[in-house]
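Heads up: the structure comes next, in structure tokens.
Throughout, a chain's letter reflects where its sequence line sits, starting with A, and its residues are numbered from 1. Given the structure is predicted, the values throughout are model-derived calculations rather than measurements.
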Protein chains: 2
Amino acid sequence: MFGFSDPRPDLIAALEKGGYRVTTPRRAIASLLEQKHEGFSVEALSDELPSVGRATVYRTIKLLHAAGVVCKLAMLNGSHKYSLCGVGHHHHHTVCVECGAVEEFRVDAVERLIRQISEDISGEIVSHRLELYVNCGACPANGD
Amino acid sequence: MFGFSDPRPDLIAALEKGGYRVTTPRRAIASLLEQKHEGFSVEALSDELPSVGRATVYRTIKLLHAAGVVCKLAMLNGSHKYSLCGVGHHHHHTVCVECGAVEEFRVDAVERLIRQISEDISGEIVSHRLELYVNCGACPANGD
DNA sequence: GTAAGTAGTGCGATTTAATATCATGTTTGG
DNA sequence: CCAAACATGATATTAAATCGCACTACTTAC
């Protein structure tokens, strides 16, 4: 099995490392996030944190995203979800189209493939995105 | 080289095949599209067609997308672009992060890889998305 | 400890992309 | 030519995200 459940990255540490202050709102966001390994939308997050302004939630998620501890996923319908993710290793995600559950996976073959393609197209690959949309078969939408 | 420039798909034919009427606004959209193999936003398209209502442009692009002759690409920044694309064969895209030029490519290895991954993760893969963000090295932004 | 400076916050307005509403216009089959 | 079905367009609306700005709260210097 390629999937793996990540050790929770330390969001507070990520902020400190980036030279950002660790404030009460940021703590609140971080601790809520740590209960939400699955995909979440910033909007929903904000709704669960009425004590924190929306803009601050967006700003903080952007910081965490820049710090690499939160990933931004493109859903099929064009909306986005975010997900906590392990630092330090590149990975991709599966998203259940029924229940929205997000899982990370890493397959070295993906990286090899990208490298191989990069030799065959003109220009230099600066980034890539690979997302798998699945039906996880274990979600409420499947009759549990 | 994996890339290929597609024969222009016949957008009008695609509409007819889908059982939709071929109307004046749709003709206008189709003929503008056929000059725009590169990525484009619906917004920009609409601006170039003042005689056609915004809603109609969106509706028509959605039809063409459903018909498979137009692809919707997710940009790194979260916005979208559309691109004419060949019918009948699955492919992926490179997008130049500087100039926005879109190219199609197809590598069978991608499909093999997806199939291989599908055997190793729980759940069933219903769809996937692979986009390569490149610096095409031949665009105005690179000093031409 | 206080003043000054910097970083962070929150409200509300704004932007942008896209969709919904719905009265009106167009096409097509007969 | 008529009626039904389909398509259109102006406008309102929604949703996600960002911006502007006054205010607050740390941090540092003195």
Side-chain angles (χ1 to χ4, degrees), chain A residues 11-33 36 39-67 70-83 95 100 102, chain B residues 11-33 36 39-67 70-83 95 100 102:
Chain A
L11 303 182
I12 297 299
L15 286 175
E16 282 171 344
K17 203 170 138 201
Y20 301 105
R21 290 184 185 161
V22 178
T23 63
T24 310
R26 286 178 182 172
R27 262 183 223 286
I29 293 166
S31 86
L32 180 55
L33 276 191
K36 300 217 168 219
F40 54 87
S41 71
V42 185
E43 213 62 16
L45 213 60
S46 180
D47 289 347
E48 292 189 53
L49 284 169
S51 65
V52 180
R54 266 223 327 281
T56 297
V57 180
Y58 274 100
R59 283 185 286 236
T60 303
I61 296 300
K62 190 178 273 191
L63 286 185
L64 294 170
H65 181 224
V70 160
C71 295
K72 186 176 187 177
L73 311 178
M75 301 291 102
L76 276 178
N77 65 20
S79 68
H80 293 110
K81 279 195 177 182
Y82 294 78
S83 178
V95 189
V102 173
Chain B
L11 302 181
I12 298 300
L15 287 174
E16 280 171 343
K17 202 171 139 201
Y20 300 105
R21 289 183 183 162
V22 178
T23 63
T24 310
R26 287 178 180 169
R27 260 182 225 287
I29 294 166
S31 87
L32 181 54
L33 276 192
K36 300 217 167 220
F40 53 86
S41 71
V42 184
E43 214 61 14
L45 213 61
S46 181
D47 289 347
E48 293 189 53
L49 284 169
S51 65
V52 179
R54 265 183 159 45
T56 298
V57 180
Y58 274 100
R59 282 185 287 237
T60 304
I61 297 300
K62 189 177 275 192
L63 286 185
L64 294 171
H65 182 224
V70 160
C71 294
K72 185 177 186 175
L73 310 177
M75 300 293 102
L76 274 179
N77 65 19
S79 67
H80 293 109
K81 278 193 175 181
Y82 295 78
S83 178
V95 188
V102 173

Starting from P on C:dA18, measure out to NE2 on B:His65 and report it in whole angstrom.
12 Å
Presence of A:Tyr58 side-chain N/O under 4.0 Å of D:dA17 phosphate oxygens OP1/OP2:
yes
Return no unless some side-chain N or O of A:Lys62 is found under 4.0 Å from OP1 or OP2 of D:dT18.
yes
Would you mind reading off the distance between A:Arg54 atom CZ and D:dA15 atom P, rounded to a whole angstrom?
12 Å
Given C:dT9, is OP1 or OP2 found less than 4.0 Å from the side-chain N or O atoms of A:Arg21?
no
SB check A:Asp47 A:Arg54 (cutoff 4.0 Å)
no
Under 4.0 Å, heavy atoms only, any strand: does B:Ser51 hit a base, just the sugar-phosphate, or nothing?
sugar-phosphate
Ignoring the backbone of A:Ala55, work out which of D:dT8, C:dT9, C:dG10 is nearest its side chain.
C:dG10
Rounded distance (Å) that lies between atom P of D:dG20 and atom CZ of A:Arg59
12 Å
Is the backbone N or O of A:Thr56 less than 3.5 Å from a side-chain atom of A:Thr60, with the two atoms forming a donor-acceptor pair by type?
yes
Nearest nucleotide by nearest heavy atom, which residue falls closer to the 5' end of DNA chain C, B:Thr24 or A:Thr60?
A:Thr60
Minimum-distance nucleotide (side-chain atoms of B:Tyr82 versus C:dA18, D:dT8, D:dC19)
C:dA18
Gap between atoms OH and C1', on A:Tyr20 and C:dT6 respectively (whole Å):
14 Å
Less than 4.5 Å apart, any side-chain heavy atom of B:Leu63 and any of B:Arg59?
no
So, do B:Leu33 and B:Ile61 sit near enough that their side-chain heavy atoms are less than 4.5 Å apart?
yes
Length of the line joining A:Asn77:CG and C:dT19:P, which is rounded to integer Å:
10 Å
Answer whether the closest heavy-atom distance between the side chains of A:Lys72 and A:Val70 falls below 4.5 Å.
no
Tell me the interatomic distance from B:Asp47, atom CG, to D:dG9, atom P, rounded to whole angstroms.
15 Å
Quick check on C:dT9: is either OP1 or OP2 less than 4.0 Å from any side-chain nitrogen or oxygen of A:Thr23?
yes
Nearest-Å distance, CE (B:Met75) to P (D:dA16)?
21 Å
Separation of D:dC26 C1' from A:Glu16 CD (nearest whole Å):
14 Å
B:His80 side chain near C:dT16 phosphate (N/O to OP1/OP2, under 4.0 Å)
no
